[in-house]
Protein chains: 2
Amino acid sequence: MVAMQSAETRYAKPVLVATNKLTGDESGLEALRNHALFNTLSGSDFQNLILQSRRLRLGHHQLLYRQDMPAHHFFFVMSGRLRLYRLDSSGIDRTLDSIAPGDCFAEVMIYADPARYACYAEALKSSEVLMIPVKAYQEMLDKNSDYAHAALRHYAQRAVSRFHDLEIMTVQNARDRLIRYLIDLLPNGAAEGGEVELPLPKCLVASRLAMQPETFSRILADLKSNGLVRVNRSKLFISDPKRLIEISQ
Amino acid sequence: MVAMQSAETRYAKPVLVATNKLTGDESGLEALRNHALFNTLSGSDFQNLILQSRRLRLGHHQLLYRQDMPAHHFFFVMSGRLRLYRLDSSGIDRTLDSIAPGDCFAEVMIYADPARYACYAEALKSSEVLMIPVKAYQEMLDKNSDYAHAALRHYAQRAVSRFHDLEIMTVQNARDRLIRYLIDLLPNGAAEGGEVELPLPKCLVASRLAMQPETFSRILADLKSNGLVRVNRSKLFISDPKRLIEISQ
DNA sequence: GGGATCTATTGATTTAGGTCAATATTCCGG
DNA sequence: CCGGAATATTGACCTAAATCAATAGATCCC
């Protein structure tokens with residue numbers, strides 16, 4: 001069943017329309033400059049790239065691109081939050097990732113020929129993204145082999161991280177999948193506790209973890225009653241991650 | 001629970017030992033030459049790379065490398081079959097991928113610093129792999145930006161494919177996960193039927209799909225009795241993939 | 001080729017988690 | 001700040017799949 005009405009049915013209208021040119025001297029570009037894909041670029045290459053990029057504002061639930069749509073740009077999140085999902089043949093909406101400010105995304109399939117997006121991307125709240133032309137970036141890669149190394153490192157990292165996501169999904173019971181998901185949200189693994197914010201509404205976290213929202217809710221209530229997590233809206237406080245791991249065997 | 005005794009307990013002995021030098025004029029290298037990572041290389045660069053590589057024979061269940069082990073090589077499968085898996089804190093063995101002749105693997109995390117393997121790799125039967133030094137390959141990438149583009153395309157493809165694996169795992173019931181897994185094994189998607197061979201023993205396919213071997217067996221028996229698949233050992237014949245997709249909703 | 005050891009199947013039973021339904025809470029625009 | 005819509009929680013019930021157990025096939029190795 002569908003956890004949530006899909007963006008596909010809500011928004012059948014064109015995407016990628018209203019854009020703003022960048023001056024090359026914008027606030028919020030420091031984060032981009034520090035991103036692994038860009039921090040090795042020379043000043044002029046970086047300038048050149050952002051002069052060819054555009055800033056795009058997205059409203060709540062606005063669709064950025066569709067699965068299989070030709071892909072000419074990749075994106076950097078300046079503010080807000082997005083999610084990546086796929087629709088299968090029966091129209092079921094499968095959330096696969098969430099994207100936070102400072103993340104770069106949609107890069108994964110753009111080196112294919114023809115380049116097409118591998119999934120849908122929509123804003124979960126009002127967001128601002130930078131759209132970077134793939135072609136401009138690729139041309140830059142030719143100039144300096146350091147750039148290519150940085151890109152390879154980034155892509156390799158991305159593949160490992162998906163591999164790790166896959167590992168969680170081979171965990172056979174819902175409680176343990178949820179526990180492992182929470183542990184991964186902690187900034188320094190299980191080393192110490194802390195507060196984490198769910199990157200998606202609860203019903204989408206449930207879908208991401210292949211369980212029903214009701215099951216998610218019950219497991220969380222149970223962890224709460226055992227004093228393992230403290231819940232406040234979408235913020236969870238995990239005092240003792242080691243104990244959490246123990247009970248998940 | 002553990003589907004199978006883990007390789008970790010079976011083989012605590014060193015790996016990567018007995019190797020054979022290559023002459024640069026071996027049989028079985030055409031497949032390597034045609035691989036996406038190598039088909040753009042110049043003849044001399046290719047020669048140079050394989051002269052620095054070594055052929056490695058692996059016995060049934062022999063471990064090739066361990067998770068978190070420093071990674072100086074990546075691999076190309078010449079014959080046999082391998083599997084990639086991870087061990088979690090409780091020692092549970094999670095099969096995540098299988099590797100066939102003609103595949104290149106272990107490339108995903110070797111661009112990290114320090115380079116470490118992201119999982120275990122073991123031979124499922126006696127196999128032959130080529131071990132290629134990462135450093136030699138990286139040096140080559142610097143020489144020609146076409147090489148880097150090929151590598152990026154390959155890595156991007158890999159990330160998309162893991163993304164797709166993840167999508168299957170968000171399917172909430174065991175039967176539908178299995179059906180989607182089978183459909184993906186068909187060479188041309190659901191376009192037409194055909195015979196597929198399970199790339200892993202049944203109990204490992206079950207683990208890969210987050211279900212018990214008993215459940216796997218029962219689902220397959222049920223599909224068989226409905227005339228949807230014909231089963232012969234590890235070979236399955238799927239006459240009508242469309243019908244299979246339909247019943248999975 | 002025959003015994004030993006993995007691997008797969010089938011049955012009986014239990015349980016985790018899905019489904020349906022009702023209520024509560026949060027979010028968001030006016 | 002209010003009201004409606006979306007999201008989340010809780011309960012009762014039921015089904016899919018896990019578990020336990022026993023048997024049957026494969027595969028390996030001497």
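Letters go in sequence order (proteins before strands), and every chain restarts at 1.
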Side chains of [X] and [Y] in contact at under 4.5 Å (non-hydrogen atoms):
| X | Y | result |
| --- | --- | --- |
| B:Met169 | A:Val171 | no |
| B:Phe163 | A:Leu84 | yes |
| A:Asp93 | A:Thr95 | yes |
| A:Arg162 | B:Arg158 | no |
| B:Ser239 | B:Arg230 | no |

Residue [X], side-chain atoms from C-beta onward, closest of [options]:
| X | options | answer |
| --- | --- | --- |
| B:Pro201 | C:dA8, C:dG17, D:dA18 | C:dA8 |
| A:Arg218 | C:dG18, D:dA18, C:dA8 | C:dG18 |
| A:Thr215 | C:dT10, C:dG18, D:dA17 | C:dG18 |
| A:Met211 | C:dT9, C:dG18, D:dA18 | C:dG18 |

How close or far is atom [atom2] of [N] from atom [atom1] of [X], stated in whole angstroms?
| X | N | atom1 | atom2 | result |
| --- | --- | --- | --- | --- |
| B:Leu178 | D:dA17 | CG | P | 11 Å |
| B:Leu124 | D:dC28 | CG | C1' | 16 Å |
| B:Ile247 | D:dA16 | CD1 | P | 13 Å |
| B:Leu198 | C:dT7 | CG | C1' | 13 Å |
| A:Asp176 | C:dA16 | CG | C1' | 12 Å |
| A:Leu220 | D:dT9 | CG | P | 7 Å |
| A:Leu209 | C:dA16 | CG | C1' | 16 Å |
| A:Leu204 | D:dA8 | CG | P | 8 Å |

Donor/acceptor link under 3.5 angstrom from B:Gln212 side chain onto base of D:dC20: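 No, the side chain and the base share no sub-3.5 Å donor-acceptor pair.
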
Any donor-acceptor pair under 3.5 Å between the side chain of B:Arg233 and the base of D:dG25?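 Donor-acceptor pair under 3.5 Å: no.
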
Closest nucleotide of DNA chain C for A:Ile219 versus for B:Leu200: which of these residues is on the 5' side?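 Going by which nucleotide is closer to the 5' end, it is B:Leu200.
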
With DNA chain C as reference, determine whether A:Arg177 or B:Ala221 sits nearer its 5' end, using the nearest nucleotide of each.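 With A:Arg177 and B:Ala221 compared, the 5'-side residue is B:Ala221.
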
Does [X] put a side-chain nitrogen or oxygen below 4.0 Å from OP1 or OP2 of [N]?
| X | N | result |
| --- | --- | --- |
| B:Ser217 | C:dA8 | no |
| A:Gln172 | D:dA17 | no |
| A:Lys202 | D:dT9 | yes |

